[in-house]
Amino acid sequence: MSLLRLSQVSLQYGPAEGRDVPPVLQGINLDIRRGDFISVIGRSGSGKTSLLNLAAGFLSPNLGRIEIDGRPVTGPGAERAVVFQDDALFPWRRVEDNVALALKLAGVPREDRLVRAHRWLADVGLDGQGAKQVWELSGGQRQRVGIARALAAEPEFLLMDEPLGALDAMTRDQMHELLLRLWRQSHAGALLITHSVEEALFLSTAVVVLAPDPGRIVLHEEFGYGRRFLDGEDPRALKSEPGFIAARERLLSAIYQEEHA
Amino acid sequence: MTDQTLQIPPAAPRRQMPWTSLLGVATILGVVALWSLAAGLGWASPVFLPAPGRVWAALMRAATDGYANATLLQHVGASLWRVMAALGCTMALGVPIGLLIATSRVGRGILDPLIEFIRPLPPLAYLPLIIIWCGIGEPSKILVIGLAMLAPIVISTVSGVRAASESQIRAARAFGATRGQLVREVMLPAALPSIFTGMRIALGAGWTTLVAAELVAATRGLGYMIQSAAQFLVTDMVIAGILVISALATVSEFALRAIERRYLPWIGRA
């Protein structure tokens, strides 16, 4: 089983005007296996997005190691797909061509890649929307295209940087269901950066709380609400459970404790 | 599965308000009326300011009988060919230069100072040098116009490449895009709106340089027609030539805008 491992990872941006800048992240240890769904929460500035950028290979750590199955990560790779907060779609391409981008870059013939793109579009609930232009879609639909584009590359790891941050509450709920279904279907390991404690708790097999100055893990706890939802339990009932509410308070405490410490 | 989000249709292309167009037409009519009045009341000698009717007659004369060895259509054809050939050559050179400046430190180090050197030079300053180096043939004329167009194309390309968002570039990198694929699939398309703006500015610069370019032993062209008329104080023909250049520049500007709307429909919507 594939394993994305961060070992004793520290990240520090360069010194500003001769002053030493504190590390953005320090001593991070995190394992993400295929089949895991790990959410990272924490205050602004705690290094959540930097953590994702390290895992994606957009940044290199100053200290520590990032490995996939023992091989060092030296940059972005097709086994790790990224979903961005601002969807990062290409408006000069139609929806289907956005989804097929990874396949095009990999040299897959146009006919094949369009067939696969349409299949992924159907999977995210956008059947028949492939010929549309990106700007004809709503915010929620655009994020679905971003997710379909990431999954079309058939990655081992799906890295998501607050992909639902700009969506309204109802659309977010729909997207939760979609994300969980696609996660189970793709067997990918997922890393989700989010500001929503409830979202993290509901979706994830484990939630990691980061505290700032320097960014470090202060809580790492496992949960199973997403799997229970996929097994047919009602999401509202799950979110009303005393255990869910207690866990949410625990996570919030971990965030606020650091804030008031 | 359907989205419950409020569907906001994309903004319709902004239409020019009718009164704005009317104001433009009224301004032109006002200038022509003032011009007619000035010529009619003899405020200036007809040698310096011929009446609009005389300019129109000169235009018709050039169109039917010709002026300075060619008909108006032949002059227009020669000038259009030079400006469009210069635009084509400059695009072929300027866009890659802009991409190199925007994507490579070495490219920026080598090419940026050269563009900054060329950018402020007036065409009449380098015209003699081009005649000495390249002779008096057609390439010299195209080169003079092309040099005036180069900086806007390069600068707009550089600016356009930088318009590609960090997440768009990262998305392509995450899918394993090579440097060439990154330029082809992300940076160049992202730069197209800016390149089109650069083309429009370059075309304007090209038309303003036309008369200077046709100083070089031309036998046809609107610039040549204007200069020939000026030598003999045929002011109505000079003004007719100026009006034709202005009309051609306006038509080419509208054509570029139409192409932009047709092929870059995402501008202002994405």
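In what follows, every chain begins at residue 1, and chains take the letters A, B, ... in the order their sequences are listed.
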Inset, instruction - Look at A:Gln85, A:Arg80, A:Lys104 and state which one has the largest set of heavy-atom pairs under 4.5 Å with chain B. - result: A:Lys104

Legend entry - Contacting region of A:Ala56 [heavy-atom separation from chain B under 4.5 Å]: neither

Inset, instruction - Measure distances from A:Phe84 to the heavy atoms of chain B and classify the residue's part below 4.5 Å as side chain, backbone, both or neither. - result: side chain

Inset, instruction - Sort B:Glu166 into side chain, backbone, both or neither according to what part of it lies under 4.5 angstrom from a heavy atom of chain A. - result: neither

Inset, instruction - Assess the side chains of A:Ser39 and A:Glu199: does a donor N or O sit below 3.5 Å from an acceptor N or O? - result: no

Legend entry - CG/A:Leu230: more than 12 non-hydrogen atoms of other groups inside 6.0 Å: yes

Inset, instruction - Tell me, for A:Leu89 versus chain B, whether the close heavy atoms (under 4.5 Å) come from the side chain, the backbone, both or neither. - result: backbone

Inset, instruction - Heavy-atom distances under 4.5 Å only: say whether A:Arg149 touches chain B with side chain, backbone, both or neither. - result: both

Inset, instruction - Applying side chain to side chain contact (heavy atoms under 4.5 Å, CB included) between A:Leu158 and each of A:Leu182, A:Leu151, A:Ile32, A:Val82, report the one that passes. - result: A:Leu151

Inset, instruction - Inspect the surroundings of CZ in B:Arg162 and state if more than 12 heavy atoms from other residues, nucleotides or ligands are less than 6.0 Å away. - result: yes

Legend entry - Shortest non-hydrogen contact between B:Val83 and B:Gly206, atoms and distance: CG2-O, 4.4 Å

Inset, instruction - Please look at B:Ala190 and chain A and tell me whether the side chain, the backbone, both or neither of the residue comes under 4.5 angstrom of a heavy atom of that chain. - result: both

Inset, instruction - Calculate, to the nearest 0.5 Å, the distance between atoms CG and NE2 belonging to A:Leu192 and A:His176 respectively. - result: 8.0 Å

Inset, instruction - Count the heavy-atom pairs under 4.5 Å between each of A:Ala88, A:Gly77, A:Ala150 and chain B, then report the option with the highest count. - result: A:Ala88

Inset, instruction - Tell me, for A:Asp127 versus chain B, whether the close heavy atoms (under 4.5 Å) come from the side chain, the backbone, both or neither. - result: neither

Inset, instruction - Examine distances only and state if a side-chain atom of A:Trp92 and a backbone atom of B:Glu185 form a donor-acceptor pair shorter than 3.5 Å. - result: yes

